[in-house]
Amino acid sequence: MGNSSSVKQEFLRKWITGFRKYSSQKKNMSMVERKKAIKLSADIAMASTRNETTRWSQALIANASRDSNNKVLTENILESSTQHSEKVVRKNLMNLSSPLCSKRVRSRKVLRRSRSMIHKSSKERLMASSIAKKLNVQKRTQRLKNLLPGGEFMDDVSLVEETLDYIESLRAQVEVMRCLVTASELFINPS
């Protein structure tokens with residue numbers, strides 16, 4: 001993910017820029033609107049710090065760009081980074097509509113050999129337990145795909161790699177937000 005402190009600094013810069021642009025568009029925001037603005041600007045800033053090298057960042061930017069109210073904010077945050085343009089946002093929308101996963105091809109010989117080596121008496125028990133395990137893994141994988149932005153279009157290997165990267169980015173985002181809250185509390189209540 002790169003140098004952690006530089007990623008945090010870039011995230012903070014983009015997040016504040018995005019939030020300022022959003023709040024300048026709407027002077028009197030309700031608490032719900034302010035919460036939405038903070039979340040949206042944080043998501044777009046976090047995704048743009050990854051320079052769209054991950055599918056989850058592409059999905060976050062594409063999802064934010066779909067809403068006409070958020071499109072201006074998305075473009076403003078992305079323009080703050082010289083590497084982004086409207087073409088990139090359009091490309092992300094196109095990439096998300098087509099499946100990104102590739103199917104694995106398994107060798108029939110390997111499957112035949114493994115089947116013949118299984119004893120007939122333990123075969124039924126093994127099949128039942130493997131089916132149960134497979135269903136359990138499938139349920140958990142589907143749950144993870146639903147949690148990760150753009151996860152529904154990923155194969156299992158990519159899903160794990162993207163999830164790890166997304167978690168690292170979320171941790172950096174949380175650390176920056178905690179530091180900002182601590183600094184604002186010290187500013188409001190100097191003791």
Side-chain angles (χ1 to χ4, degrees), residues 1-27 29 31-97 100 144-154 157-188 190:
M1 196 173 132
N3 185 359
S4 180
S5 63
S6 65
V7 169
K8 290 176 189 176
Q9 289 173 354
E10 184 180 359
F11 164 73
L12 181 60
R13 182 181 54 79
K14 289 180 180 183
W15 182 40
I16 291 172
T17 302
F19 186 66
R20 282 183 182 158
K21 296 215 183 217
Y22 193 92
S23 57
S24 69
Q25 293 172 355
K26 293 185 174 186
K27 294 294 179 194
M29 285 193 281
M31 186 63 84
V32 173
E33 289 175 321
R34 187 171 295 276
K35 178 183 170 186
K36 180 183 173 188
I38 291 170
K39 172 141 179 44
L40 178 66
S41 57
D43 283 348
I44 296 170
M46 182 175 63
S48 66
T49 57
R50 298 298 294 134
N51 296 324
E52 299 185 45
T53 56
T54 59
R55 291 180 191 162
W56 66 260
S57 63
Q58 295 171 359
L60 276 177
I61 291 170
N63 289 338
S65 300
R66 284 191 183 119
D67 185 3
S68 59
N69 297 334
N70 301 337
K71 192 168 191 167
V72 174
L73 175 66
T74 303
E75 290 173 356
N76 285 331
I77 292 176
L78 295 178
E79 285 173 8
S80 71
S81 172
T82 58
Q83 300 168 351
H84 294 85
S85 66
E86 191 172 314
K87 291 178 186 175
V88 175
V89 173
R90 280 195 206 122
K91 181 191 86 174
N92 289 338
L93 285 169
M94 298 300 288
N95 285 347
L96 284 177
S97 62
L100 298 172
L144 187 57
K145 285 183 177 187
N146 292 336
L147 288 172
L148 187 70
E152 58 272 2
F153 301 113
M154 293 180 205
V157 174
S158 297
L159 182 68
V160 171
E161 292 171 354
E162 294 278 329
T163 302
L164 292 173
D165 188 74
Y166 186 58
I167 290 170
E168 287 179 25
S169 296
L170 286 173
R171 281 186 180 163
Q173 184 184 33
V174 168
E175 286 181 34
V176 168
M177 289 178 169
R178 281 185 179 155
C179 289
L180 192 61
V181 167
T182 303
S184 65
E185 286 174 349
L186 291 174
F187 183 74
I188 293 171

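Residues: numbered from 1 along the sequence shown. All values reported here derive from a predicted model rather than from experimental measurement.
No side-chain heavy atom of Val7 sits less than 4.5 Å from a side-chain heavy atom of Glu10. Looking only at side-chain heavy atoms (C-beta outward), Trp56 and Met46 come within less than 4.5 Å of each other. At a threshold of 4.5 Å between non-hydrogen side-chain atoms, the residues Lys36 and Val32 do not count as touching. Here the side chains of Gln173 and Leu170 are in contact, with some heavy-atom distance below 4.5 Å. Side-chain atoms of Phe19 and Leu40, non-hydrogen and from C-beta on, never get closer than 4.5 Å to each other.
Considering CH2 of Trp15 and CG of Asp43, their distance stands at 11.0 Å, rounded to 0.5 Å. Note that CG of Asp165 and OG1 of Thr53 are 6.5 Å apart. Values are rounded to the nearest 0.5 Å. Summarising the geometry, atom OH belonging to Tyr166 is positioned 5.5 Å from atom CG belonging to Leu60; distances are rounded to the nearest 0.5 Å. Rounded to the nearest 0.5 Å, atoms CD (Glu168) and OG1 (Thr163) are 11.5 Å apart. For the atom pair CG of Leu12 and OG1 of Thr17, the computed distance is 9.0 Å after rounding to the nearest 0.5 Å. Here the CE atom belonging to Met154 is positioned 4.5 Å from the CG atom belonging to Leu148, to the nearest 0.5 angstrom.
Here the closest non-hydrogen pair linking Ser48 and Ile61 is N-CD1, 4.3 Å. Scanning both residues, Gly18 and Ser41, for their nearest heavy atoms gives C-CB, 3.9 Å.
Counting only distance, with no hydrogens or angles, the side chain of Lys8 and the backbone of Glu175 share no donor-acceptor pair below 3.5 Å. Of the possible donor and acceptor atoms, one in the side chain of Glu162 sits under 3.5 Å from a partner among the backbone N and O of Arg55.
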>> Apply side chain to side chain contact (heavy atoms under 4.5 Å, CB included) to residues Arg66 and Asn63 and explain how you reach the verdict.
In response: CA-CA 5 Å; Arg66 284 191 183 119; Asn63 289 338; 2.5 Å; yes
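Every residue was checked against the salt bridge (charged side-chain N to carboxylate O under 4.0 Å, His left out) condition with Glu161, not counting sequence neighbours, and none meets it.
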